[in-house]
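Below: the structure, in structure tokens.
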Amino acid sequence: MSISVQLSAASLQYAGAAQATFAGLNLNLPAAKWTCLLGPSGCGKTSLLRLLAGLIDSSHQLSGQISCSDGLSIDNRISYMAQQDLLLPWLNVLDNVCLKAKLLTGKVSAGEQHKARQLLAQLNLSGIEKSLPDQLSGGMRQRVALARTLMQDTPIVLMDEPFSALDAVNRYKLQDLAAKVLQGRTVLLITHDPQEALRLSDQLYLFSADQQLLPLPLPDSLPPRAVDAQLGQYQQSLLQKMQVLHG
Amino acid sequence: MAKITLNTATLGNSLSNLWRLTITALVILLLWQAIVVCFEMPPFILPPPLLVLEKLIGSYQLLLSHSLITMSEIVLGLLLGLLMGLLFALQMLLFKPLRRWLLPVLIASQAIPVFALAPILMLWFGYGMTSKVIMAALIIFFPVTTTCFDGLRYTPIGYLDLAHTMGANKWRQLWHIRLPAALPTLASGIRVAAVVAPIGAVVGEWVGSSGGLGYLMLQANARMQIADMFAALFILALFSIALYYFTDLLLKTLIPWHREQAGH
Ligand SMILES: Nc1ncnc2c1ncn2[C@@H]1O[C@H](COP(=O)(O)OP(=O)(O)OP(=O)(O)O)[C@@H](O)[C@H]1O
Ligand SMILES: [Mg+2]
């Protein structure tokens, strides 16, 4: 079942920081849609995502409310993909994909292994189950991380520039793949790349310099969009807007 | 394909290592002989290599029995020290309030020279093996504890974030994430320990013992049997080198991902 998430009046000030990273921020993540967040470096995108993931510890000053459309808590219902694939170098691919089971129960059942193999096959990764992460290319590693995310099977997926370390072709392919396999999940994607945002968003915000979220127009077609003339025009106007906003 | 080349490469590496070691040993032996001949060293100051070899063969039973004592002390001390260091580091990690009390203890353990403790250890634990095992364990306690603690403390934050979002509890996080992530750092501590532990055991034997290579050396020295002393020293050096390479090999086998990271 898909759920939407509402973040209200979120504020965060890191311990020792002179001013708040953001304050009074509202963000709605519609059910089963992709919400993308663009913004300059250091504006607080990662901080916002970490706040949603419950990763900011209580030594910092934070407030705000996170509510899900089904009334349950968001805890344990998110999965998290970072810029680094975070594959554990001492576990082989299969064990990395099954990491959640291992961390929760201490072991991985045959059924889970079977499911993981299927996911790997779906992501074109058959035959590398026993490889260590160090033996894989960057693109493969990020696909394994995607498989691990799918294996977690959570309704909400938070992604922090997961494709930014990849080359253009691999990034394009992985964007398509992610859009396909994450269908039905509520996704928040943080990115530096306007084209990526325009390709994948159902809803797109720009983190402005005064720490507000500015909604941006999108092409009518459905994601994942092809990079065509229309997308190019949107990209052009988006780049101009970002220039104006961020000097 | 790539894997095969890699394996032959490592094999070739260890073979050339062996070669290098042999050549180094030969050069040292030759130099030794040259010094004896050129400076006309009397055998009670510097015995020629062949005389030492003679002693090695002649009194091999005596040497063997004493070697076994020293080697057991070293290995047991190494294991005991590792265990103590590991437990100490874990305690400091898990019980934050304790850390503030234990950290000064750890630093003090390094500030007091372990050698100065040797006579006291003899007094408490007798002249047998126990005091030497404890001596070796104490001398490696600091490097093992600090490397282990550092390794456990500086787990990459991303791994911990991931474990957190997956809902892992503290213990599973420790076992599945923190400990394996700390292994490469700990391994360098263990390597140092393997080199230092023999010093602890031998110093212990010098201070007071009834057996072991250190004891043998003292006895031989007192009787001016310098060739015997060199024979004991030779065995000690050989064992220490072997211990280091064995430890290194063991760690590389147990932590295969570390070497590959280093290669990047
Ligand atoms: N743990 C922390 N403690 C203190 N300050 C922090 C911490 N993490 C981030 N900051 C600060 O908060 C601000 C926002 O950081 P954040 O990582 O959220 O930015 P970002 O938008 O993700 O940047 P980028 O696009 O470069 O990833 C930065 O000024 C940063 O220095
Ligand atoms: Mg960031």
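In the text below, chain A, chain B and the rest are named by the order of the sequence lines, each starting its count at 1.
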*Is it the backbone or the side chain of B:I177 that comes under 4.5 Å from a heavy atom of chain A, or both, or neither?*
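Interface part for B:I177: both.
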*asked:* Please give me the minimum heavy-atom distance between B:D161 and A:Y80, naming the atom from each residue.
replied: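 Taking every non-hydrogen atom into account, CB-CE2, 3.9 Å.
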*Taking all atoms of both residues into account, what is the closest heavy-atom pair of A:P89 and B:W257, and its distance?*
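So the two residues come closest at O-CB, 3.4 Å.
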Side chain, backbone, both or neither: which part of [X] has a non-hydrogen atom closer than 4.5 Å to chain B?
X: A:T105; answer: backbone
X: A:R77; answer: neither
X: A:L99; answer: both
X: A:Q152; answer: side chain

_Tell me if the CZ atom of B:F234 is crowded by more than 12 foreign heavy atoms within 6.0 Å._
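For B:F234, atom CZ is not crowded (no more than 12 foreign heavy atoms under 6.0 Å).
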*Kindly check if the number of other-residue, nucleotide or ligand heavy atoms within 6.0 Å of NZ (A:K115) is above 12?*
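Counting other residues, nucleotides and ligands, NZ of A:K115 exceeds 12 neighbours.
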*Selection from B:A168, B:P180, B:A181 maximising heavy-atom pairs under 4.5 Å formed with chain A*: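 Of the candidates given, the most pairs with chain A belong to B:P180.
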_Derivation and outcome, side-chain contact (heavy atoms from CB on, under 4.5 Å), residues B:M166 and A:L104_ = CA-CA 8 Å; B:M166 287 177 172; A:L104 290 183; 5.6 Å; no
*Pairs involving residues 68-108 of chain B, ordered by first then second residue, that meet ring pair (Phe, Tyr, Trp, His ring centres under 6.0 Å) (sequence neighbours left out)*: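 For residues 68-108 of chain B: B:F88-B:F141.
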*If you round to the nearest 0.5 Å, how far is OG1 of B:T165 from NZ of A:K100?*
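The NZ atom of A:K100 sits 8.0 Å away from the OG1 atom of B:T165.
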*Reported CD1-to-CH2 distance for the pair B:I255 and A:W90, which is rounded to 0.5 angstrom*: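 Going from the CD1 atom of B:I255 to the CH2 atom of A:W90 covers 11.5 Å.
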_From CA spacing to verdict: side-chain contact (heavy atoms from CB on, under 4.5 Å), A:L103, B:L162_ = CA-CA 10 Å; A:L103 282 177; B:L162 191 68; over 6 Å; no
